[in-house]
Every structure is written in structure tokens, then in C-alpha cells.
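Position 1 is the first residue of the sequence; numbering continues from there.
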Amino acid sequence: SWWLAGASKVAVLTNGNFDSHLEANGLTLVKFYAPWCGHCKAMAPEFEKAAEELEGKVSLGKVDATVEEALGTRFGIESYPTMKWFEHGEEHEYDGPRDAEGIVA
């Protein structure tokens with residue numbers, strides 16, 4: 001529907017919805033970021049593009065770790081952006097590419 005055009009396909013994850021989102025989506029790539037982080041800002045459009053291409057297969061989510069400090073602590077986030085791959089709730093490090101093409105591959 002036209003009014004949804006431009007709506008983000010990247011889920012905004014919080015302490016309140018994180019676990020239920022992982023349960024509802026078997027495969028999820030999560031980006032932990034800080035709003036002031038230059039690398040995070042540069043990566044945002046690529047992450048968005050990848051989310052559109054992977055819709056229905058893999059969920060992409062983002063956590064503002066400056067707000068969701070409990071999640072940052074839980075996953076040991078020390079630098080931004082940090083990406084984590086979750087397969088049916090199981091956490092894995094993600095060291096892959098950060099551009100849309102690389103993420104989709």
C-alpha cells in the first residue's frame with residue numbers, strides 16, 4: 001500500500017521486544033549501534049537495503065545500545081556497530097560484510 005512506501009524494514013529492537021522478536025523470526029541479524037557513531041550512520045542505508053531484499057527470509061533488527069543498555073551489557077557490546085547473528089535464538093558473532101550486497105549474500 002502506497003502509504004507504507006519508505007517504511008523501514010529494519011525492526012527497532014528494545015529490551016521489551018528483543019526476545020519475542022527472535023522467537024518470531026528464526027533468522028535475525030542484529031546491529032547494535034550508537035546514534036553518534038559515524039560508521040553506524042554510513043552503514044544504515046546499506047542495512048536498510050539488505051532488509052528490503054531479505055524480507056520474508058531473514059529479519060534485520062537494530063538496537064540503540066546507548067538507550068538499551070541492558071541489551072548492550074547482555075551481549076557484551078564494546079564497540080559500534082557490532083553485529084550479531086541469531087539462528088532460532090542462538091547467538092553467533094557476525095564478521096561478514098557490512099554493505100547490502102555482502103549482507104544479502
Side-chain angles (χ1 to χ4, degrees):
S1 15
W2 62 268
W3 64 88
L4 289 177
S8 175
K9 304 285 184 212
V10 176
V12 176
L13 301 177
T14 64
N15 206 33
N17 72 358
F18 193 87
D19 291 317
S20 57
H21 184 85
L22 292 189
E23 274 172 40
N25 298 274
L27 305 173
T28 306
L29 182 61
V30 179
K31 172 180 72 169
F32 293 84
Y33 74 99
W36 44 259
C37 157
H39 288 298
C40 303
K41 286 182 193 158
M43 187 191 156
E46 292 293 318
F47 203 66
E48 198 67 57
K49 204 186 300 176
E52 285 175 23
E53 289 185 40
L54 290 168
E55 192 179 15
K57 292 179 240 158
V58 175
S59 168
L60 269 64
K62 62 182 181 180
V63 173
D64 179 345
T66 65
V67 174
E68 303 299 329
E69 291 175 9
L71 286 174
T73 302
R74 177 175 158 191
F75 295 107
I77 306 305
E78 289 169 2
S79 61
Y80 306 113
T82 293
M83 312 246 295
K84 299 259 183 199
W85 172 247
F86 293 89
E87 222 166 318
H88 307 289
E90 198 177 306
E91 174 194 349
H92 303 276
E93 293 301 320
Y94 175 86
D95 269 341
R98 292 174 177 221
D99 62 314
E101 208 173 303
I103 291 170
V104 170

- [ ] Please name the pair of heavy atoms, one in His21 and one in Leu13, separated by the smallest distance, quoted to 0.1 Å.
- [x] CG-CD2, 3.5 Å
Task: Atom pair CD (Glu78) and OG1 (Thr73), whose distance is rounded to the nearest 0.5 Å - done: 10.5 Å
Task: Criterion side-chain contact (heavy atoms from CB on, under 4.5 Å) on Tyr33 and Met43, from CA distance to verdict - done: CA-CA 10 Å; Tyr33 74 99; Met43 187 191 156; over 6 Å; no
Open item on the list: Between Phe75 and Val63, is there a side-chain heavy-atom distance shorter than 4.5 Å?
Closed with: no
Open item on the list: With a 3.5 Å distance limit and no angle check, can you tell me whether Glu23 reaches the backbone of Gly89 through a side-chain donor-acceptor pair?
Closed with: no
Open item on the list: Looking at every heavy atom in both Glu48 and Ser8, which two are closest together, and how far apart are they?
Closed with: OE2-OG, 2.9 Å
Task: Atom CD of Glu53: over 12 foreign heavy atoms under 6.0 Å - done: yes
Task: Donor-acceptor contact below 3.5 Å, side chain Asn17 vs main chain Val12 - done: yes
- [ ] Report yes if the side chains of Phe47 and Leu29 come closer than 4.5 Å at any heavy-atom pair, otherwise no.
- [x] yes
TODO: Could you state whether Trp36 and Ile77 fall into the same hydrophobic cluster, counting links through intermediate Ile, Leu, Val, Met, Phe, Trp or Tyr residues with side-chain heavy atoms under 4.5 angstrom apart?
DONE: yes
- [ ] Please work out which of the three classes, parallel, tilted or perpendicular, describes the rings of Phe18 and Phe32, given edges at 30° and 60°.
- [x] tilted
Open item on the list: Looking at Thr14, is its backbone amide N or carbonyl O close enough to the side chain of Glu68 to form a donor-acceptor pair, meaning the two atoms are under 3.5 Å apart?
Closed with: no
TODO: Quick one: do Leu54 and Ile103 satisfy side-chain contact (heavy atoms from CB on, under 4.5 Å)? Show the steps, please.
DONE: CA-CA 9 Å; Leu54 290 168; Ile103 291 170; 4.2 Å; yes
TODO: Evaluate the side-chain proximity of Lys9 to Leu60: yes if any heavy-atom separation is below 4.5 Å, no if none is.
DONE: no
- [ ] Return the minimal non-hydrogen interatomic distance between Cys40 and Lys31, and the atom names on each side.
- [x] O-NZ, 4.1 Å
Task: Over all atoms of both residues, closest heavy-atom pair of Pro35 and Lys41 - done: O-CE, 2.9 Å
Open item on the list: For His92, is the NE2 atom crowded, meaning more than 12 foreign heavy atoms sit under 6.0 Å from it?
Closed with: yes
TODO: Group every Ile, Leu, Val, Met, Phe, Trp and Tyr by side-chain heavy-atom contacts under 4.5 Å, then state whether Leu27 and Met83 land in the same group.
DONE: yes
- [ ] For Lys84 and Tyr94, run side-chain contact (heavy atoms from CB on, under 4.5 Å): C-alpha distance rounded to whole Å, both residues' side-chain angles, the deciding distance at 0.1 Å, then the answer.
- [x] CA-CA 5 Å; Lys84 299 259 183 199; Tyr94 175 86; 5.8 Å; no
Open item on the list: Restricting to non-hydrogen atoms, name the atom on Ala34 and the atom on Asp64 that form the minimum distance, rounded to 0.1 Å.
Closed with: CA-OD1, 4.4 Å
Open item on the list: I'd like to know if Lys49 and Glu52 make a salt bridge, using a cut-off of under 4.0 Å between side-chain N and carboxylate O.
Closed with: no
TODO: Kindly give the heavy-atom pair with the smallest separation between Val10 and Ala51, and that separation in Å.
DONE: CG2-CB, 3.7 Å
- [ ] Spell out, yes or no, whether Phe86 and Leu71 are grouped together once hydrophobic residues are joined by side-chain heavy atoms under 4.5 Å, including indirect joins.
- [x] yes
- [ ] Using atom types as modelled and distance alone, determine if a side-chain donor or acceptor of Arg98 lies under 3.5 Å from a backbone N or O of Pro81.
- [x] yes
